[in-house]
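Both counts, for ligands and for their atoms, begin at 1 and track the order of listing. One-based numbering along the sequence shown.
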Amino acid sequence: MLKDKEKFKEMFLDRIQTIYGVTIEEASVTDKYMALSSLIRDYIYRNWVHTHREYDKKAERQVYYFSVEFLKGKPLGNNLLNLGLKDVCKEALDDLGIDLESIENIENDVGLGNGGLGRLGACFLESMASLGIPCHGCTIRYKYGLFKQKIIDGYQVEVLDNWLRNGNPWEVRKTDKSVEVKFKGKVRVNNKNGKMAFIHEDYESILAVPNDMPIIGYRNNTVNTLRTFSAEPKRTELDFTLLSREEVQKYIEYKHSVESISEILYPDDHNYEGKVLRLKQQYFLVSAGLQTIIRRFKKKGGMMKNFHEKVAIHINDTHPTLAIPELMRILIDEEDIEWDEAWYITTNAISYTNHTILPEALEKWNVDMFKGLLPRIYMIVHEINERFCKELWNRYPEDWDRIRNMAIINNNYINMAHLAVVGSYSVNGVAKVHTDILKNQVMKNFYDFSPYKFNNKTNGITHRTWLLKANPKLSNLITDAIGDKWIKEPSSLIKLTSYSQDSSFKENLFKVKKHNKQILADLIKREYNINIDLDSIVDVQVKRIHEYKRQILNVFNILNMYYTLKDNPDLDIPSRTFIFGGKAAPGYYMAKEIIKLINSVSYVINKDKIIKDKLKVIFLENYRVSLAERVFPASDVSEQISTASKEASGTGNMKFMINGSITMGTLDGANIEIRDAVGDDNFFNFGLTVDEVLSYYRNGGYNSWDVYNSDYRVKRILDSLIDGTLFGEKDKFRMIYESLLNNNDQYFVLKDFDDYVKTQVKLQERYKNKYKWLEMCTENIANAGKFSSDRTVKEYAKHIWKVKEVQVEK
Ligand SMILES: *Cc1c(COP(=O)(O)O)cnc(C)c1O
């Protein structure tokens, strides 16, 4: 019914009047947003319920994807697009004198995640809904998402992200499906007729309330679910008049401590309280999630001994690893199943994705802390460890080093990655090279012990969000050339290959890019009052700020270009616009210094008249999904310059590629597969390889002072960080200077500098040949299909989860 414009108008107006009690003239943009969103939500409700019925009827197995992050961005535009309602909605609102874009703009990003890992979860959910894969997302309903970034005087300042301030029109609260999660207390062991029973007593009880958000498939009647849990006190109906002052005070403290669990994504864990809170969040999520899954499973007549055949539990990184002991607990303590059978069910239900090999990101929990918070779960982890170590002993008698190295509990710490590998039937990395590093280095012992568990699933992005939605002009151009099959089957983008020699196609591609640059330039003018040259190379590095991602290397090339131009202002090079964006973790001081450095360089260069506007540097504040959708379509160059071996996959690289930008990259993560797909001629590769980096690490690194002493460009740039010549103040960036020289440049910035600069020069020469450049763009788009998350989730479904797609009929 909403497909008809007149009907759409009528229903929209009716909603404004009945729900908000205002006329269309009186309604605020927020009223209009709420009315429109709730209208769409109600419109899909039938299909939502229907999808779940069809899954229960037809799916042999269903997947639950647990992740502490889902970085969705703004739901409205995606939902309208996937429902096929975008055009009619726009026209109907136009008739009423309302601009759809202004409504979309006031929607808050659903920012329940940090970066790549959370965005991957969101891309997977979109792809799975569009393919009809029966999968449900599970996460925490954080009251505050990832902080909003403000730049004040060049520094990052963090502001609370109160995304629920106006309510969330997309979610449906399911109070009746709430479950109880238990913390602390004691475990009493009861020995009844030789059978042990474990009774958890004196615990603190917390209510987990589910809220469901629809995940709408692309024009296929399918609506999947993202379930988010909020933590609430168990009894809210307390009659305060009957309580003493102390009791009221105690209740308020209890209420606050409960609500803090779902208050904020990744609370500061530099102190003990913060660590406990994170552990609480992790257990809260898996306990609540598993209980609702099992309750529904049993209600539908399922037998627990078949649980693993019907249900697949996927853990995205180690944060939800407690799903393993929690499932054991439920099977043993509540379902009365013996250990061996419970272990069989658990290890055939759970699969695990590893996302990083950075040692600082591998989670470990202190045993005493863990025991105090989760006494029964600790007993189970302890028992899993005992049995696993016995098995190791049988396999490797007396090889104590190996056993200690592989143990789940060691040195008073619980190693979550070890628990995840031992308790699951599949362990995957997220790009070929990352999986190889897991198998041959980081998890070599585990790979030797159980090689059949290990497999690779190279990440992907949903091309419907990152191309169809973010870049409508390019989408139309592609569809005009090869038809619209690519929207459902991204591999058919390969048909564009023949257009790489088609000059009219390339001319149109050029126009599209320019149009997108104009949109971004307008934004930059509006927000920062900086003019950018639409004919310049738009060179972009947007991602979290981290030393391993090497924003510093990018800055050093910019400074080198700046000095070169200052020495020779008439140098014949294409002008360049360098764009940065990204948040630093609040406690990561070095990353915050890097932000300040970028802003200082931007300040110096943008106002320098000598270089004749050949260079501009812009730091975009508050990088997030909705801003990213503006950035990728306008970019020419994609900076993917991590130290080889450090970036497990990267997914930003894929978003650039599908929007026709050319990668300047190291052979790291999925960059390697991107280069393999497009060929050497369509990719700018530089720097140390994974093997070279790992070999340096084995031999204690290299001497960065040697580079400083032998390369005058490096010396000049490094000196300018501390001598006051560029930034007016002595020792301004001493922290960065020290880390590169006296701390021996852990990330090989100086080592890769020369090759990076050379490759940048090669790139700018190539840009001068417009048709050659556009040929490269076309090749990149044509080969981007394999980096769609449609391909990735199909691989998960077939090889890990063993689930089939379900077509939902109307
Ligand atoms: C894709 C994406 C990321 C991940 O980018 P990488 O370059 O792979 O690190 C981070 N944040 C947002 C908002 C994204 O859309």
Side-chain angles (χ1 to χ4, degrees), residues 67 69-74 77-78 108-127 145-149 161 163 265-266 316-317 355-356 358 361 430-431 433-434 458-467 469-471 539-551 553-554 579-585 588 591 594 620-635 637-643 646-659 661 663-666 668-674 784 787-789 792:
S67 178
E69 297 187 33
F70 284 96
L71 199 55
K72 264 175 74 65
K74 300 182 189 235
N78 269 308
N108 290 314
D109 274 54
V110 182
L112 307 184
N114 269 300
L117 176 145
R119 184 55 225 176
L120 185 79
C123 282
F124 278 13
L125 292 185
E126 198 282 340
S127 279
L146 181 59
F147 66 87
K148 283 190 179 161
Q149 180 193 57
D161 170 40
W163 70 290
L265 170 76
Y266 294 132
N316 192 29
D317 213 338
H355 281 271
T356 181
L358 297 184
V430 290
V433 68
H434 168 63
T458 300
N459 282 167
I461 53 153
T462 167
H463 59 291
R464 282 171 295 271
T465 299
W466 295 109
L467 176 54
K469 170 166 188 268
N471 199 342
D539 184 313
V540 183
Q541 188 173 21
V542 284
K543 47 181 77 243
R544 290 301 293 251
I545 310 293
H546 205 293
E547 286 162 282
Y548 86 79
K549 290 177 183 279
R550 297 201 296 191
Q551 280 90 358
L553 180 58
N554 191 345
I579 293 177
F580 291 85
K583 295 175 184 174
Y588 188 178
I594 295 171
L620 296 175
E621 189 176 71
N622 200 29
Y623 179 60
R624 61 198 183 283
V625 171
S626 58
L627 179 58
E629 289 176 25
R630 301 264 175 285
V631 174
F632 296 111
S635 63
V637 177
S638 159
E639 297 283 350
Q640 307 300 337
I641 59 179
S642 55
T643 312
K646 298 286 184 188
E647 188 75 271
S649 164
T651 49
N653 44 7
M654 304 166 185
K655 301 168 196 166
F656 281 103
M657 179 191 193
I658 206 167
N659 281 284
S661 355
T663 310
M664 164 65 66
T666 48
D668 196 19
N671 293 354
I672 298 177
E673 289 158 73
I674 289 176
F787 300 101
S788 165
S789 43
T792 314

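- To the nearest 0.5 Å, atoms CD (Glu69) and CZ (Arg119) are separated by 12.5 Å.
- Using a 4.5 Å heavy-atom cutoff, the side chains of Arg544 and Tyr588 are not in contact.
- By the side-chain contact (heavy atoms from CB on, under 4.5 Å) test, Asn671 pairs with Gln640, Asn653, Thr666, Phe683, sequence neighbours left out.
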Note down each nitrogen or oxygen pair, ligand 1 side and protein side, whose separation is under 3.5 Å; give only atom names and the distance to 0.1 Å.
from     : atom 1 : to     : atom 2 : distance (Å)
ligand 1 : 7 (O)  : Lys543 : NZ     : 2.7
ligand 1 : 8 (O)  : Thr651 : N      : 2.8
ligand 1 : 8 (O)  : Gly652 : N      : 3.0
ligand 1 : 9 (O)  : Lys549 : NZ     : 2.8
ligand 1 : 15 (O) : Lys655 : NZ     : 2.7

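- For Phe580, the ring pair (Phe, Tyr, Trp, His ring centres under 6.0 Å) test picks out no residue, with sequence neighbours left out.
- Partner Glu126 forms a side-chain hydrogen bond (donor to acceptor under 3.5 Å, both in side chains) with one of Arg464, His463, Lys72 and no other, that one being Arg464.
- With sequence neighbours left out, the salt bridge (charged side-chain N to carboxylate O under 4.0 Å, His left out) criterion links Lys549 to Glu647.
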